[in-house]
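Down below is the structure, laid out as structure tokens.
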Amino acid sequence: MNDRIVVGAALYDDEGRLLAARRSAPPELAGGWELPGGKVEPGERCEDALVRELREELGVEAVPLERVPGQWPLPKGYALRVWKARLVSGEPEPLEDHDALRWLTPDEVWSVDWLAADVPAVSAALAVP
Ligand code: 9L3
Ligand code: MG
């Protein structure tokens, strides 16, 4: 079912800025920016995986909102699916797999070096009102 799915969050703050996270691992992805998230575990719902990943990686509580239409291929047969998400509590911190976070204004969204799969995913997220 949700086999080989990676979920990512298009997490916005109250000012409409989008959160970008810079990966610190693995070495081949380090320095690339992504929508935070990770692999869905066996039997887990995608939205539950997203909540869990944001808790683990950023130390925040968030709620998934609408799914961003589409999915984007990743290495090893994985696919990236994205949900818009709202922060409920906490201030994001790079606790796991990231070494920097940035809240990007609409003008700044393309100023970071997104991972390949995240480029179309971010475009699609921006197209969701
Ligand atoms: N990945 C790409 N873009 C993203 C995310 C959350 C993940 N927005 C890729 C990086 C890894 C794989 O998916 O190759 C698994 O991600 P993780 O579980 O290491 O975060
Ligand atoms: Mg992750």
Side-chain angles (χ1 to χ4, degrees):
M1 274 194 341
N2 290 329
D3 200 32
R4 303 224 162 210
I5 299 295
V6 172
V7 291
L11 188 65
Y12 290 90
D13 71 4
D14 292 342
E15 292 158 41
R17 297 181 302 178
L18 175 67
L19 189 70
R22 189 173 67 190
R23 289 195 72 109
S24 53
E28 62 273 21
L29 299 180
W33 292 78
E34 67 174 11
L35 299 173
K39 289 177 182 146
V40 178
E41 291 175 355
E44 190 178 36
R45 290 174 64 244
C46 289
E47 289 92 334
D48 293 338
L50 195 65
V51 169
R52 175 182 54 72
E53 288 286 345
L54 296 179
R55 212 175 262 153
E56 291 171 359
E57 293 190 342
L58 306 174
V60 298
E61 293 301 318
V63 273
L65 305 171
E66 63 269 54
R67 165 114 183 250
V68 173
Q71 65 175 23
W72 299 276
L74 291 168
K76 298 184 191 162
Y78 281 86
L80 176 64
R81 293 182 185 171
V82 173
W83 273 257
K84 289 181 81 166
R86 185 171 57 82
L87 205 52
V88 175
S89 65
E91 187 57 38
E93 291 180 78
L95 301 178
E96 200 182 87
D97 292 343
H98 298 123
D99 62 5
L101 300 177
R102 275 187 68 185
W103 288 106
L104 303 169
T105 64
D107 279 356
E108 293 170 334
V109 165
W110 300 113
S111 68
V112 300
D113 189 13
W114 293 102
L115 296 181
D118 288 61
V119 171
V122 169
S123 287
L126 295 177
V128 174

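Just so you know, ligand 1 is whichever comes first in the structure, and atom 1 is the first atom listed for that ligand.
- Residue-ligand proximity: Gly8 is placed with every non-hydrogen atom at 4.0 Å or more from ligand 1.
- With contacts defined as side-chain heavy-atom distances shorter than 4.5 Å, the pair Leu101/Leu58 qualifies.
- Inter-residue side-chain proximity for Leu126 and Val109 is flagged as met; some heavy-atom pair is nearer than 4.5 Å.
- Ranking protein heavy atoms by distance to atom 1 (N) of ligand 1, first place goes to Glu34 OE1, 3.8 Å.
- For atom 14 (O) of ligand 1, the nearest protein heavy atom (residue, atom name, distance) is Leu29 CD1, 3.6 Å.
- Using a non-hydrogen distance threshold of 4.0 Å, Glu53 does not register as a contact of ligand 1.
- The single protein non-hydrogen atom nearest to atom 12 (C) of ligand 1 is Val6 CG2, 4.2 Å, given as residue, atom name and distance.
- Contact check for Leu11 versus Leu35: no side-chain heavy atoms found under the 4.5 Å cut-off.
- Partner Arg52 forms a side-chain hydrogen bond (donor to acceptor under 3.5 Å, both in side chains) with one of Glu57, Glu44, Glu47 and no other, that one being Glu44.
- The side-chain heavy atoms of Leu104 and Val112, taken from C-beta on, include a pair separated by under 4.5 Å.
- Within the 4.5 Å cutoff, the side chain of Arg81 has no heavy atoms near those of the Val68 side chain.
- Counting heavy atoms from C-beta on, the side chains of Lys76 and Arg4 come closer than 4.5 Å.
- Here the side chains of Trp110 and Val122 are in contact, with some heavy-atom distance below 4.5 Å.
- Distances between N or O atoms of Val7 and those of ligand 1 include no value under 3.5 Å.
- Of all atoms in ligand 1, listed by their number and element, those nearer than 4.0 Å to a heavy atom of Lys39 are 15 (C), 18 (O).
- No side-chain heavy atom of Asp118 sits under 4.5 Å from any side-chain heavy atom of Trp72.
- For the Mg ion (ligand 2), the tally of protein N/O/S atoms lying closer than 2.8 Å stands at 2.
- When only non-hydrogen protein atoms are considered, atom 16 (O) of ligand 1 lies nearest to Arg23 NH1, 3.7 Å.
- With atom 13 (O) of ligand 1 as the reference point, the heavy atom nearest to it among Asp118, Leu115, Leu74 is part of Leu74.
- Take Glu66 and apply the salt bridge (charged side-chain N to carboxylate O under 4.0 Å, His left out) test, not counting sequence neighbours, and it matches no residue.
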